Amino acid sequence: MQSFLSRKAQAIEPYVPGEQPKTADIIKLNTNENPFPPSPKVLEAISGQVEKLRLYPEIDGETLRCAIAKNEGLQPDEVFVGNGSDEVLAFCFPAFFNADEEIFMPEITYTFYEVYATLFGNAFRKIPMIDTLDVDVDKLLSGSGGVILANPNAPTSKVLPLETIEKMALKQLEKGKVLVVDEAYAAFTDQPSAATLISKYPNLCVTRTMSKDHSMAGLRVGYALGQASLLSGLIRIKDSFNSYPLDRLAIVGATAAIEDVAYFNDCMSSIKATRAYFTEGLRARGFVLPDSNTNFVFCRHESVSGKFIFDELRKRNILVRRFDKPAIREYMRMTIGTQEQMKTVLSALDEILK
Ligand code: PMP
């Protein structure tokens, strides 16, 4: 049949997000959502905005940028906000990378990067991992164009130390190229954030999401941190695409969440404690996994196939994530839910492995 789609729309292979099941009785550990609700202050802030919905929101999310800047010890013009970090990351490609200069990215990482590169017509190269899970930093830096990576990385849950990120930023600076560090999971690691390097590196862009750490996947808020001159590229792309990517509810809701530091800290401690409990439980049952720096673990069983365990968990209404890539076929990525949920998962695994 005749197609009316552009060649690009016909050819592109879109990113495949984790399943969003309709049934309520599922233990949903497949998309790294936070098991806790957002801060109660979010509801308060959002309800106050309903009457104002007839008006367009702030064009640049200034209220939220100021709150984030204060938290990070940066200036408001060193923060750019967008509709989920997916959108912020998407803007990075046309903002920072020339189409004909290969972008280097790790082979095992967030698969959206290659989708964006394809969409925006950027040449790119995927750099093979060392021993399946480790980023090959030297090879990643061996090109002449931009570099993008997630740190902590997904789905491996491993983190590179700040010194390594600084080395990367410096090498990229010497080349006159940008380094994008996707810190979607930064709140779950004890490693210092690359945001602490921003004053030294005008070529460093750090992206974050409020989906996981602030329990707001449904509100769609992400942001980038960097020097104002660099972020001006993101603003130029945004203003050529959508003037108001953050709606009024998102701006005030996210601001309230950022300002409720005590609630945030409680939530993080709780997830980290459950992660330690679950990691120990998995290892005791024959699973192999690196220490996690994220709100998920990336594990395989020493003798039972990943697909078998995945399917058996699914039968018991427990949804985790598997990736159909040869190198990590045996692995599962399991989000850290509540202590109670993870206890249920461990009991299910006991049954499955019997
Ligand atoms: N980066 C990484 C590494 C992720 O895992 C995700 C979540 N899928 C995102 C970015 C995007 O997050 P969001 O668009 O919800 O802000």
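Just follow the structure's listing: the first ligand is 1, and inside any ligand the first atom is 1. Hydrogens, waters and symmetry mates are skipped; everything else that's a heavy atom, side chains included, is used. Just so it is clear, the structure is predicted and the values come from calculations on it, not from any experiment.
Counting side-chain heavy-atom gaps under 4.5 Å among Ile, Leu, Val, Met, Phe, Trp and Tyr, the cluster of I59 also holds Y56, Y244.
In terms of protein heavy-atom proximity, atom 2 (C) of ligand 1 is nearest to D182 OD2, 3.4 Å. Of all protein heavy atoms, the one lying nearest to atom 12 (O) of ligand 1 is S85 OG, 3.2 Å. Of the protein's non-hydrogen atoms, the one nearest atom 11 (C) of ligand 1 is D86 OD1, 3.0 Å. The protein heavy-atom contact nearest to atom 14 (O) of ligand 1 is R220 NH2, 2.7 Å. Closest to atom 7 (C) of ligand 1 among all protein heavy atoms lies K212 NZ, 3.1 Å.
Residue contact check for ligand 1: G222 places no non-hydrogen atom closer than 4.0 Å to it. For the ligand labelled ligand 1, residue Y185 lies inside the 4.0 Å heavy-atom shell.
R314 has a carboxylate O that lies under 4.0 Å from a charged side-chain N of E19, or vice versa, which qualifies the two as a salt bridge.
Put simply, the side chain of H301 never gets that close to the backbone of Y331: no donor and acceptor are under 3.5 Å apart. Remark: the backbone N or O of P76 is paired with a side-chain donor or acceptor of R65 at under 3.5 angstrom.
Checked against a 3.5 angstrom limit, the closest N/O atoms of Y110 and ligand 1 fall inside it.
Close contacts between ligand 1 and G84 involve ligand atoms 14 (O), 16 (O) [criterion: under 4.0 Å to a heavy atom]. Listed by number with element, the atoms of ligand 1 under 4.0 Å from a non-hydrogen atom of S211 are 13 (P), 15 (O), 16 (O).
Here the closest non-hydrogen pair linking L246 and G82 is CD2-O, 3.3 Å.
With sequence neighbours left out, F97 forms a ring-ring contact (aromatic ring centres under 6.0 Å, His included) with F93.
Taking the six-membered ring for Trp, F91 and F241 have ring centres closer than 6.0 Å.
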